[in-house]
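Read the structure below first, then the notes.
By convention in this document, chain letters (A, B, ...) are assigned in the order of the sequence lines, proteins followed by strands, and residues within each chain are numbered from 1.
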Number of protein chains: 2
Amino acid sequence: MTRFYESIERHLVAVDCVIFGYDIIDKNLKLLLIKRRFEPLKGGWSLPGGFVNDDESIKEAAGRVLKQLTGLEQVYMEQSYAWGEPGRDIGGRVITISHFALIKIQDIDPVMQEASAAHWRNITRLPDMVLDHSNLVGRALKELKERVKVKPVGFELLPEKFTLVQLQDLYEAIYMKNVDKRNFRKKILSMNLLEKMDEKEKETSKKGAYYYKFLPEKYEEFRRQGFYFNLDVN
Amino acid sequence: MTRFYESIERHLVAVDCVIFGYDIIDKNLKLLLIKRRFEPLKGGWSLPGGFVNDDESIKEAAGRVLKQLTGLEQVYMEQSYAWGEPGRDIGGRVITISHFALIKIQDIDPVMQEASAAHWRNITRLPDMVLDHSNLVGRALKELKERVKVKPVGFELLPEKFTLVQLQDLYEAIYMKNVDKRNFRKKILSMNLLEKMDEKEKETSKKGAYYYKFLPEKYEEFRRQGFYFNLDVN
DNA sequence: CCAAAAGTGTTAGGCTTACACCCATGC
DNA sequence: GCATGGGTGTAAGCCTAACACTTTTGG
């Protein structure tokens, strides 16, 4: 493969993952962070990342990092931004391509999480982070906010079945503002993307709240017909 | 700088530029393409690109490529996407970070353009392109469409002074659909971002159309006050 | 005087927003 | 029977979209 381009400078290329999770109990949007396991800056709070191997795509590299940390595959992940200031990594010039992933907190393999020393941290109270990782987080969060407005990806952060209250709480956590309950319900239900189940969630209230589930096939069908998801909320 | 990370595989990292221009006369959105000057695929239609040097950021590399081709600096440019499939470049594994730039066609240095064998090609009639460059274009175009709706960047493609008809034609070329004249004018003028000049453009009509200019300072001021540019058009 | 392009307002309907009370149940 | 959280409807106004004629002037 490498017959041409031989005299050209090469670079270390990495991927970093901004892994979002949502805690349905304390209603906080969270990030999965690790303590950096190598020098320089060993022990500092860091995004999970890794170098891109010769035989894998960027996407595969990011997927590999995510799987090593969480045990999860087929996770919703988007490329975010390529960071390449020559001085951004004090250990040498590294170009990193940040991604953000949305995972269901409860799906994570607890053994793996323990082994990798990964920690969930509230998005509102992040520690100081290594290198420019706070910037990567900031950008990913901004992109997430835009994305959940126009694509039904919030469900990636919730269990299969969830109540409308939980869904609203999630949106409030992401938008970082309150949302009108009646308008929110009207809007999301009017899209016909949710199926109401018979079962009720009874932990958090005496009356109980109906579970719903998201119908991805419906979304695909409507999309093909020109429908645009929109949950722009006051 | 390179004390750590020594044993790790390195990669060729490039930038490619999707350079948009708008021809006010024939009302076409165009791309600046070149004939590839080196093997493999020498002579094929290609996006202008180049490898990232050791001492420059990704943004600088893209700026350098753009300047070499057009003579222009301080051009509106956004990073688009990092493309890294191992097999995407038949000459060896190259990770490329695509960008899109918006330039005023008439600003380009004609000597430079000649020398670099750069050609403007209508977006609606692009030639077959080398490697995966059609994909990079597709993505950049999609991002441009989104961007002009929510950010006043269309003006980057027009001369300093332009008529409302010209502005509308530009939006029609980007959106690839017709726009209602009265609604378009109402909307753009209501934002108070344009200044009407006394002068008229008299080439294209006997009556003549008033020139306007965009006021970037106004935009900045309004932005700070929480204003969001929006030109979502029917 | 005519052809060609610039410029201009109004209306109906849909969507957004604001807002407060009843319901079901466990204790 | 009461406290707790779940669930529901309506009205005002704002924004969007549809639509056609008048103005100017060079030839």
Of the nucleotides [options], which one has an atom closest to the side chain of [X]?
X: A:N183; options: C:dT8, D:dA18, C:dT17; value: C:dT17
X: A:K187; options: D:dA20, D:dG5, C:dT16; value: C:dT16
X: A:R182; options: D:dA20, D:dG9, C:dG7; value: D:dG9
X: A:K206; options: D:dT4, D:dT10, D:dG5; value: D:dT4
X: A:D180; options: D:dC19, D:dG7, C:dA18; value: C:dA18
X: A:K202; options: D:dC19, D:dT16, C:dG26; value: C:dG26

What is the distance, to the nearest angstrom, from the [atom1] atom on [X] to the [atom2] atom on [N]?
X: A:L231; N: C:dC15; atom1: CG; atom2: C1'; answer: 15 Å
X: B:F184; N: D:dA18; atom1: CZ; atom2: P; answer: 16 Å
X: A:E203; N: C:dT25; atom1: CD; atom2: P; answer: 16 Å
X: A:L189; N: C:dC15; atom1: CG; atom2: C1'; answer: 17 Å
X: A:K196; N: D:dG6; atom1: NZ; atom2: P; answer: 14 Å
X: A:R185; N: C:dT16; atom1: CZ; atom2: P; answer: 19 Å
X: B:Y228; N: D:dC15; atom1: OH; atom2: P; answer: 17 Å
X: A:Y211; N: D:dG7; atom1: OH; atom2: P; answer: 12 Å

Let me know, please, whether A:K186 or A:K200 comes out on the 5' side of the other along DNA chain C by nearest nucleotide. A:K186
Distance criterion of 3.5 Å, no angle test: do you see the side chain of B:K181 paired donor-to-acceptor with the base of C:dG7? yes
Is there, by distance only and without an angle test, a donor paired with an acceptor across the side chain of B:K207 and the base of C:dA6 below 3.5 Å? yes
Toward the 5' end of DNA chain D, which comes first, B:G208 or A:T204, by nearest nucleotide?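 Counting from the 5' end, the first nearest nucleotide belongs to A:T204.
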Are more than 12 heavy atoms, taken from residues, nucleotides or ligands other than A:D128, located less than 6.0 Å from that residue's CG atom?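 At most 12 heavy atoms, drawn from other residues, nucleotides or ligands, come within 6.0 Å of this atom.
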Would you tell me whether B:T163 and B:E201 have side-chain atoms, one donor and one acceptor, within less than 3.5 Å of each other?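 Looking only at side-chain atoms, B:E201 and B:T163 do not form any donor-acceptor pair under 3.5 Å.
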Plane angle bin for [Y] and [X] - parallel if under 30°, tilted between 30 and 60°, otherwise perpendicular:
X: A:W45; Y: A:H119; result: perpendicular
X: A:F227; Y: A:Y219; result: perpendicular
X: B:Y76; Y: B:F100; result: tilted

Is B:E160 paired with B:K213 through a side-chain N to carboxylate O contact shorter than 4.0 Å? no
Below 4.0 angstrom, which residues in residues 164-172 of chain A have at least one non-hydrogen atom near DNA chain C?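 Result for residues 164-172 of chain A: none.
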Quick check: B:F162 with B:F214 (ring centres under 6.0 Å apart)? no
Test the B:K149-B:Y175 pair against the cation-pi criterion, namely NZ or CZ under 6.0 angstrom from the six-membered ring centroid and within 45° of the ring axis.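 Judged by the rule, B:K149 and B:Y175 form a cation-pi pair.
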